[in-house]
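Reviewing the structure listed below.
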Amino acid sequence: MSAPMPPGPPRHRGGGTRETRRLVAFVDASAFYCSCERLFRPDLRGEPVVVLSNNDGCVIARSAEAKALGVAMGAPYFQVRERLERAGVWVFSSNYALYHDLSDRLLRVLDRFSPDVERYSIDEAFLGLRADPWDPDEPARLETLAREIREAVWRATRIPVRVAIAETKTLAKVGSEFVRHAPVPCVCFWRHPARDAVLESLPVEDVWGVGPRWAKRLRLAGAGTAAGLAAMDDGDIRRGYNVVLLRTTLELRGVSCLPLSEAPPPRRSLVRSRMFGEPLTDPALIGKAVAMHAAAAARMLRRESLAASAVETFVTTGRHARPVHHGRAVTELPSATNDTLAIVRAARSLVGPALATGHGGAPRYKKAGVMLTGLGPAGQSQGSLFTAPVRERPELMEAMDRIARRFGRAAVVPAAQGTPDELRAVHAGRSPAWGMRRDFLSPRYTTVWAEIPTVRLGDPARLGAEAEGVSPRSGPCRRTA
DNA sequence: TCTGGGGTCCTAGGACCC
DNA sequence: TCTGGGGTCCTAGGACCC
């Protein structure tokens, strides 16, 4: 597949404006969580760093140095712990307050380069760009632009990013993989001379949108590479797979099927759940966890000015237990609401039914959660002719939210969540039975006054351009070399 | 011998993403 | 002992309706 030259001579539209080609830039921070942890710990540059999932369950981010040591993505921490300790790897619990804040700062830099920015995830974004297809210098200009984006992000956030430009999102993702190990990981993949070769050597499972299941089937069908998938028959894909894979295939051929979406589509559901620190069977303890998740979910609703019309409570033993057990129970609310007390009450009333669903013995539950569905804009509930609507207390909710913002989330909560001592333990990262393990949590450097790093003014020699003088309170992250 | 046809809504499960 | 959390979309199948 060589890059097609534009057909015919340059065409001009009314007003003499030359037609332009829509392109997309993909900006991707590699090992984003590790970069965030290093930002305030410059002493960790060049050191192997990993970040663990919630509950310190498994490895979800690895610095290049940690990858070189062979630490696998998704590896359960208890399995790799000894190896990490022997190798002197720095281990952090995930600190989402920090990561979300830095992600917001990164996005603000990207806004300077395009009016069309889609935030795809906490560490990835797409930018809409335009190119002149008749100017032979365009690819070179775009590659320079890619470098400028990377440099601007680095200057503003000290987060390293890769930048790849192509005609579709999927091709831009391929381009980003192509430059993953380049000294300056920026590329214009549109009309890039190496593109065909890259697609021919890229395993099909590394294509965005192709997971392990489909990759296996595609291999059996003789399409083991990105180029192989792109060459498949549309009808075969539609019949044998689905339209999602067909879109991916077209995108690999340079046909854009996944438009930029600047405004995220309205949220349809909201889930709040966590593993317990240890397995639970006691419905009373599970009820406290459910109350905590329900209150958190209601707070998220209010922050997004949404209201929910149904509540689901679920419990699970997790995938690894034998026998596996999932329990769930759902209830419709009399009217859509985001009232914490109404949602907590509904969620708690479902704990018993969820635990009772379809099992004999008493499973050792590892996780509970609350899902809110039927979301819509707050304050538009029609209620029903035949049932009284939920009693709403907007002034009370506003007061609770303000207290929480000022004094912390544990300051005022429904009594169903447990005693003040238990709550303090949860928020300190210690574990009452239903709390989360976060043994290696770094400070919330950028979002909590008490945890902002301090700079020693008496030691100017250490205040280099790389902020070596920043002296964070030493975090509890572990390094046992 | 033979068992309408089409529509909607809901749910569960599968596949994918980060 | 110890294996994350939060999403979306698509499809198949059942219930129900006319």
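Worth saying up front: this structure is predicted, and the values here are computed from it rather than measured. Residue numbering restarts at 1 for every chain, and letters A, B, ... go by the order of the sequence lines.
- Look at the C1' atom in both C:dC17 and B:dT1: the space between them is 29 Å, to the nearest Å.
- When the C1' atom is used for both B:dG4 and C:dC16, the distance is 16 Å, rounded to whole Å.
- Between A:Trp214 and the phosphate of B:dG14, there is no side-chain N or O to OP1/OP2 separation shorter than 4.0 Å.
- For the pair A:Arg267 and C:dG7, the criterion of a side-chain N or O lying under 4.0 Å from OP1 or OP2 is met.
- Using modelled atom types, one finds a donor on one side chain and an acceptor on the other under 3.5 Å when comparing A:Glu124 with A:Ser121.
- Residue-level contact check: A:Tyr241 touches neither bases nor backbone, having no heavy atom under 4.0 Å from any strand.
- Residue-level contact check: A:Ser269 touches the backbone only, with heavy atoms under 4.0 Å from sugar-phosphate atoms and none from bases.
- Between the NE2 atom of A:His293 and the C1' atom of C:dG4 there is a distance of 12 Å, given to the nearest Å.
- For A:Lys173, a side-chain nitrogen or oxygen approaches OP1 or OP2 of B:dC18 to under 4.0 Å.
- Close to B:dC17, at under 4.0 Å from its OP1 or OP2, lies no side-chain N or O of A:Ser121.
- Note on A:Pro264: nothing from the nucleic acid sits closer than 4.0 angstrom, heavy atoms only.
- Close to B:dA12, at under 4.0 Å from its OP1 or OP2, lies a side-chain N or O of A:Arg328.
- Across all strands shown, A:Arg239 has no heavy atoms under 4.0 Å from either base or sugar-phosphate atoms.
- Using modelled atom types and a 3.5 Å distance limit, the side chains of A:Thr337 and A:Asp339 yield no donor-acceptor pair.
- Across all strands shown, A:Leu270 has heavy atoms under 4.0 Å from sugar-phosphate atoms exclusively, and none from any base.
- Put simply, A:Arg274 has a side-chain N or O that comes within less than 4.0 Å of OP1 or OP2 on C:dG6.
- Nucleotide B:dT11 forms a Watson-Crick or G-U wobble pair with C:dA12, both donor-acceptor distances falling under 3.5 Å.
- Within 4.0 Å (heavy atoms only), A:Arg247 reaches sugar-phosphate atoms of the nucleic acid but no base atom.
- Side-chain contact of A:Thr340 with A:Arg302: a donor-acceptor pair under 3.5 Å is present, judged by distance alone.
- Residue A:Val207 is in sugar-phosphate contact alone, with no base atom involved, counting any heavy-atom pair closer than 4.0 Å across all strands shown.
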